[in-house]
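Everything on this sheet refers to the single structure shown next.
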There are 2 protein chains.
Amino acid sequence: MSNSNSSNGQAGFTLPAFAESGDALARIFAALGDPIRLKLVAILCAGGAFSITQLTTSTDITRQGVTKHLQVLAEAGVVRDVKVGRERLWQLDPAQVALARQTLEAIGREWDVALAKLKAFVEAP
Amino acid sequence: MSNSNSSNGQAGFTLPAFAESGDALARIFAALGDPIRLKLVAILCAGGAFSITQLTTSTDITRQGVTKHLQVLAEAGVVRDVKVGRERLWQLDPAQVALARQTLEAIGREWDVALAKLKAFVEAP
DNA sequence: TTAATATGCAGCCATATTGTTGCAATAGGA
DNA sequence: TCCTATTGCAACAATATGGCTGCATATTAA
């Protein structure tokens with residue numbers, strides 16, 4: 001089987017840094033990988049700080065369901081909560097979103113480099 | 001409960017477009033939301049086209065497990081496969097990655113706009 | 001033809017995820 | 001104080017996910 005040229009690891013090219021960035025990055029993407037959570041992020045990035053009850057009115061699920069989604073987002077570091085009175089207000093923390101965006105930019109750059117190498121190889125004299 | 005001022009929907013501000021972009025966008029993020037799949041993407045964006053057997057050597061799971069991960073990525077449109085001989089070579093399709101990146105950029109922009117509005121409100125005479 | 005390689009497909013199992021209901025607890029306002 | 005609004009917590013069911021084994025199928029090479 002395969003053997004031979006390998007495919008990476010001890011291969012002939014280096015992987016981009018995010019390949020080994022552990023689970024933190026994957027958790028950010030996974031947190032964004034749900035339609036309801038994506039909508040919650042949209043609300044939070046457009047508005048400011050909202051309570052769970054307020055956010056619930058924007059979805060078709062129960063308050064407790066929204067709470068679970070917010071917990072997923074919070075564990076990924078995408079949102080934060082602040083207690084004020086008897087309410088718990090949620091707001092976006094854009095740092096992790098920026099990290100995810102930089103990763104996707106890195107993928108695009110690597111891809112461009114790979115294309116350029118291929119082009120140079122094909123056009124070699 | 002809550003009632004009152006709403007929080008969006010029929011609220012006083014407009015949501016960014018990605019809020020209602022259906023499940024396609026969420027599927028892209030979900031596809032990237034796994035450490036193994038993130039590594040596969042890293043390999044593919046750095047290299048070119050690899051067979052399942054080759055990709056398996058880069059992971060700690062079985063070939064069938066890798067196949068399932070590739071299917072998740074394929075259903076999100078992140079990777080494509082090409083049959084050549086008895087092999088099935090996989091390669092990145094950067095279009096969906098670019099779409100995800102644009103979404104994260106939009107979140108960042110919305111956030112900046114919201115901050116600017118807040119600043120203007122606080123500093124109002 | 002025969003053997004070896006590469007993949008496909010089905011089924012199984014353990015665990016995680018998503019959403020619910022029900023009840024308790026905390027905090028504000030009349 | 002008493003009522004109400006907001007949230008927290010626990011248990012539960014249904015489904016999805018991630019990983020495996022086992023076997024079948026195709027394709028290349030000798």
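Chain letters run A, B, ... following the sequence lines, proteins first and then strands; every chain starts at 1. No hydrogens, no waters, no symmetry mates; every other heavy atom, side chains included, goes into these values. The model shown is predicted, which means the values in this text are computed figures rather than measured ones.
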If you round to the nearest 0.5 Å, how far is OG1 of T62(A) from NZ of K68(A)?
-> 9.0 Å
Protein-nucleic acid N or O pairs under 3.5 Å, nucleotides 22-24 of chain D:
residue : atom : partner : partner atom : Å
dG22(D) : O6   : Q64(B)  : NE2          : 2.9

Atom pair distance, as rounded to whole Å: CZ in R27(A) and C1' in dT17(C) = 15 Å
Rounded to whole angstroms, how far apart are CZ on F50(A) and C1' on dT6(D)?
-> 17 Å
Nucleotide of dT18(C), dG19(D), dT20(C) approaching I61(A) most closely (side-chain heavy atoms) = dT20(C)
Rounded distance in Å - CD (Q71(A)) to P (dA10(D)) = 11 Å
Within a strict 4.5 Å, meaning less than it, do heavy atoms of the D93(B) and V78(B) side chains meet?
-> no
Of W90(A) and V84(B), whose nearest nucleotide on DNA chain D comes first from the 5' end?
-> W90(A)
Taking K39(A) for its side chain and S58(A) for its backbone only, find out whether a donor-acceptor pair lies under 3.5 Å.
-> yes
What nucleotide, of dT7(C), dT20(C), dT18(C), holds the atom closest to the side chain of T62(A)?
-> dT20(C)
Atom-pair distance (CD1 on I52(B); P on dG19(D)), nearest Å = 15 Å
Supply the members, apart from L89(A), of the Ile/Leu/Val/Met/Phe/Trp/Tyr cluster built from side-chain contacts under 4.5 Å; use none for a lone residue.
-> V84(A)
Go through the steps to decide whether R101(A) and E105(A) satisfy the test salt bridge (Lys or Arg N to Asp or Glu O under 4.0 Å), and finish with yes or no.
-> CA-CA 6 Å; R101(A) 180 178 53 98; E105(A) 286 174 358; 3.1 Å; yes
How close or far is atom P of dT18(C) from atom CG of D60(A), stated in whole angstroms?
-> 16 Å
If only atom types and distance count, is the side chain of Q54(A) paired as donor or acceptor with the main-chain N or O of S51(A) below 3.5 Å?
-> yes
For L73(B) and dG18(D), what is the distance between atoms CG and C1' respectively, to the nearest whole Å?
-> 14 Å
How long is the line joining CG of L89(B) and C1' of dT7(C), in whole Å?
-> 12 Å
Distance below 4.0 Å between T53(B) side-chain N/O and dT5(C) OP1 or OP2 = no
Does H69(B) make a side-chain N or O approach to OP1 or OP2 of dG19(D) shorter than 4.0 Å?
-> yes
Note: for I36(B) and K68(A) on DNA chain D, the residue whose nearest nucleotide lies more 5' is K68(A)
dT17(D) C1' sits how many Å from E75(B) CD, rounded?
-> 12 Å
What distance do D81(A) atom CG and Q71(A) atom CD have between them, rounded to the nearest 0.5 Å?
-> 9.5 Å
Would you indicate what G85(A) reaches in the nucleic acid, counting non-hydrogen atoms under 4.0 angstrom: base, sugar-phosphate, or nothing?
-> sugar-phosphate
Would you mind telling me which residue lines up with the more 5' stretch of DNA chain C, R88(B) or K83(A), judged by nearest nucleotide?
-> R88(B)
From the list dT5(C), dG19(C), dG19(D), which nucleotide is the closest neighbour of the side chain of R86(B)?
-> dT5(C)
